[in-house]
Amino acid sequence: MQNQIRCWLLAIILLCVSGAPVFAENELPIPTDDLAYCSTCHGVQLMGNPILKAPRLSGMESWYIENQLQSFKKGWRGTHEGDVVGMEMRPMAAALSDEQINQAAEYVSATRSALPASSVVGDIDKGKVLFTTCGACHGQSAEGDPAFGSPMLTTVDDWYLVTQLKNFKSGIRGSHPGDIYGMQMRASTQLLTDEQAIMDVVSYISTLRK
Amino acid sequence: MAFVIAGPTRLHGTNVGPQLQTLLIHQIRSIERHHMKKHLSRRRFLNLVGAAGGSTAVYKTSMALGLMQDTGPVAQLDLQKAGRNGKKVAVLGAGIAGLTVAYELERAGYDVTVIEASKRLGGRNLTVRHGDIIDELGQPQVCNFDDDPDLYFNCGPARIPGHHRRVLHYCKELKVPLQVKANMSRPAYTHEEGKFDDKPVRVGRYTADARGFMSELLHKAVDKNAFDQPLSAEDRERMLQFATAYGDLDPNGIYKGTIRAGYKSGGFITPAEHYTPMDFSALLDSKFWERGMTLSENPDWGEPLMEVTGGMDGLIKGLVRNISSPITTNAQVQSISLKENGVDVVYNHKGEREKLSVDYCFNSIPSHFMSGIPNNLPAEYRKGLASLQPGNFFKIGLQMKERFWENEGIYGGITNTSQKINQIWYPSHGIHGKKGVVLGAYAFFRQSAFFERMSPAARIEFAGKCGDKIHKGYSGYIEAGISVPWGRMNHMMGCGADWSPEIREKYYKLLQQPAGGRHFMIGDQISYHSSWQEGAFGSAEYALLELDKRVRAASARSGKG
Ligand SMILES: Cc1cc2nc3c(=O)[nH]c(=O)nc-3n(C[C@H](O)[C@H](O)[C@H](O)COP(=O)(O)OP(=O)(O)OC[C@H]3O[C@@H](n4cnc5c(N)ncnc54)[C@H](O)[C@@H]3O)c2cc1C
């Protein structure tokens, strides 16, 4: 974790100083052929690619990646007929063995990239109030809590948080009876009464990025 | 003239898309404009340009003046030679555009390196044969066709029309053999669910009836003089003759069927029996006239078309045969840094991170991937790239154990259907051989998603069921099959770039120019013919001429020119 943060800072500082994409090159993992596929959609070092709607995954916690890959594989995600974007991801996870999912999770959490710029505009103060409930599971700094299966929310793109909150709310995600964590999260979106509330809470989460 | 049939825009074919139409009109207008100017001074101007910049400059200037059509003779790229310490160039992506740049710059003495993410060369120019891998994300396939040189499938480009001058120029120069490819075919069918009793109708019959009915209506209208402006007696007579000839009407101007619809029976040893016309309102109620019937009137699909003998990838092989510069496959670009005097490209290869520092970079990576590759290209340039959405196509190739369509009198060409497979293509090569590979589905843009969600096996089964409605026993002939969803192919995720007119207006010129004079974006994505090889060749040519202009200017400045 310490190491991770150090890399982050280094990358960001270097980026700021030169304006050019400079990273701590020797610490960037090089994927095996099997895992190089992920970067076709998720971008170099899984930095995310909004055009393909593939979120940034760099530095995500390995246990959460594993949960999500399993969730896709089992069909909890990416099978609902309204989930056209999830369907883009699902065949990738479905093709992985449990062993490969393990390796993928390790690789993903080792990737490094600069934090993407925020793009979501909302009322940060209102968002902060909403977030106190979220923080019960995700931690008050949105740092995540494996004990609750709740991920860190400060590493993915803010547009992706919005689409996922909408997916939970509409039942595209978190509806499958086997998907205990997803259902818990889905129940929590009741708090977010409309789209504005989603924008507000996400714009607050963006302020928690380090 | 008393009766104006068509304005200038319609002179160029009824089925020209709005973009192409604008292009044509623009060209005609600019030629007209320049014809009004004095010829002598124009010639003199070109001579001056030639003196200053060589023949490439004359060519480019001529193009800009509208004196030379974009589809005319191809530029003789007499690029200024790079000299002994050849400048270094990185080419990103080994498709048509990248390989063309590598080929030309190598000949001009540059030190070229090609970097390709995929395991194979060619990009979207992909022909598959026995044992080839189709690198679909999450469900890769191995081509299970028999090991036979005639049994191949063009997963991407398959057709070359005569006005794609650059494609044909390179085919000629690289000695890539071509053959004629049937596209529109009168014995092939149009099939629409719920129309004509669900039965396929021969294209020739449908077209003859459609023209016959329309001609009869025109004949009647002329007879009744039902126009805003009265026709002169002469025009009237000619119009009646025209309608009669166009629709093959009887002497009274009535359409009673025609030999053009094909023989119903006989005609050789026994008397010919002709078809009676179909029901006009049934024909109107169908949809083939909407697009399929006139498709080959669009120049890009205009008969006769050509294809590369033995598979379209013969063009890639032709380029590669003539390139000796290193081409590194399995090398995904990781970052692009524009510097004051060059470009740094980082890529992964065999578990190592490699860096290439070059003077110039020619980048054909699909624009939709550029948002996922760290780079420091100018902000507007990046915005432009990010504003392009990927296009998409889907194809199925089926190996048939017998060439059953030949028994129905079909030799090459296309059947259209309202079913999700859209089309069936019959091969123009290997006629009367034992087996053949047909195209069993071709979905366009958003339609592709339907097939993308299926497993490869389910796609083949689906295509078989659709085919059964057109050819008796169709699915029973299927021995092997592959499917190629371009929106799910590794390192591709789409086909070409989708330019809206607004985006075109805002970013096209910018993206055509090299960023910092060093980074050239190429590929069919940077052309008016996205999803055509001609666009890819054209973008390469454009970029090379831009480079040449800069190189010549620099050497003139340093007094070496
Ligand atoms: C179904 C279909 C039908 C078509 N029909 C026709 C036709 O009949 N006639 C015709 O003329 N044209 C046709 N085309 C269009 C034709 O295929 C294209 O115009 C042409 O092949 C494009 O060449 P390109 O070099 O611009 O791009 P591409 O071939 O797309 O090349 C881009 C290259 O970049 C590589 N790349 C991607 N990411 C990276 C990275 N990060 N690092 C390094 N390399 C990378 C890719 O692997 C690829 O090799 C068709 C295309 C399709 C898909």
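Note on naming: letters A, B, ... go to the chains in the order of the sequence lines (proteins, then strands), and numbering restarts at 1 for each one.
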Query raised in the report: Do the side chain of B:Arg459 and the main chain of B:Met454 share a donor and acceptor less than 3.5 angstrom apart?
Result: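 Yes, the answer is positive, given that a donor and an acceptor are paired below the 3.5 Å cut-off.
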
Query - Donor-acceptor contact present, side-chain B:Ser530 to main-chain B:Ala497, <3.5 Å - result: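 Such a contact is found between B:Ser530 side chain and B:Ala497 backbone.
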
Query raised in the report: Does a side-chain N-to-carboxylate-O contact under 4.0 Å join A:Arg77 and A:Asp179?
Result: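 Looking at A:Asp179 together with A:Arg77, the answer is no, because their closest N to O distance does not fall below 4.0 Å.
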
Query raised in the report: Hey, is A:Arg173 close enough to A:Asp83 for a salt bridge, meaning N to O under 4.0 Å?
Result: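 Not counted as a salt bridge, because no side-chain N and carboxylate O are separated by less than 4.0 Å.
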
Side chain, backbone, both or neither of [X] within contact of chain A (heavy atoms, under 4.5 Å):
{"X": "B:Gln332", "answer": "side chain"}
{"X": "B:Glu352", "answer": "backbone"}
{"X": "B:Asp135", "answer": "side chain"}
{"X": "B:Pro140", "answer": "neither"}

Report task. Calculate, to the nearest 0.5 Å, the distance between atoms OG and CG belonging to B:Ser531 and B:Asn392 respectively. Result ->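 B:Ser531 atom OG to B:Asn392 atom CG measures 9.5 Å (nearest 0.5 Å).
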
Query raised in the report: With respect to chain B, which residue among A:Thr40, A:Leu46, A:Asp33 yields the maximal number of heavy-atom pairs within a distance under 4.5 Å?
Result: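 Option with the top pair count is A:Thr40.
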
Query - Greatest number of heavy atom pairs closer than 4.5 Å to chain B - which of A:Met47, A:His42, A:Arg90 - result: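 The candidate making the most pairs under 4.5 Å is A:Met47.
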
Query raised in the report: At a heavy-atom separation under 4.5 Å, does A:Pro29 approach chain B through its side chain, its backbone, both, or neither?
Result: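 Looking at A:Pro29, just its backbone touches chain B.
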
Report task. Could you tell me which portion of A:Thr32 (side chain, backbone, both or neither) has an atom closer than 4.5 angstrom to a non-hydrogen atom of chain B? Result ->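 For A:Thr32, neither part sits under 4.5 Å from chain B.
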
Requested in this report: Report the C-alpha separation of B:Arg453 and A:Glu88 in whole Å, then their side-chain angles, then the decisive distance to 0.1 Å, and conclude whether the salt bridge (Lys or Arg N to Asp or Glu O under 4.0 Å) test is met.
Outcome: CA-CA 9 Å; B:Arg453 309 280 179 254; A:Glu88 289 289 319; 3.6 Å; yes

Requested in this report: Would you please indicate yes or no on a ring centroid separation below 6.0 angstrom for B:Phe444 and B:Tyr442?
Outcome: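 Yes, the ring of B:Tyr442 comes within the 6.0 Å limit of the ring of B:Phe444, centre to centre.
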
Query raised in the report: If you count heavy-atom pairs under 4.5 Å between each of B:Lys119, B:Gln139, B:His368 and chain A, which one has the most?
Result: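 Going by pairs under 4.5 Å, I would pick B:His368.
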
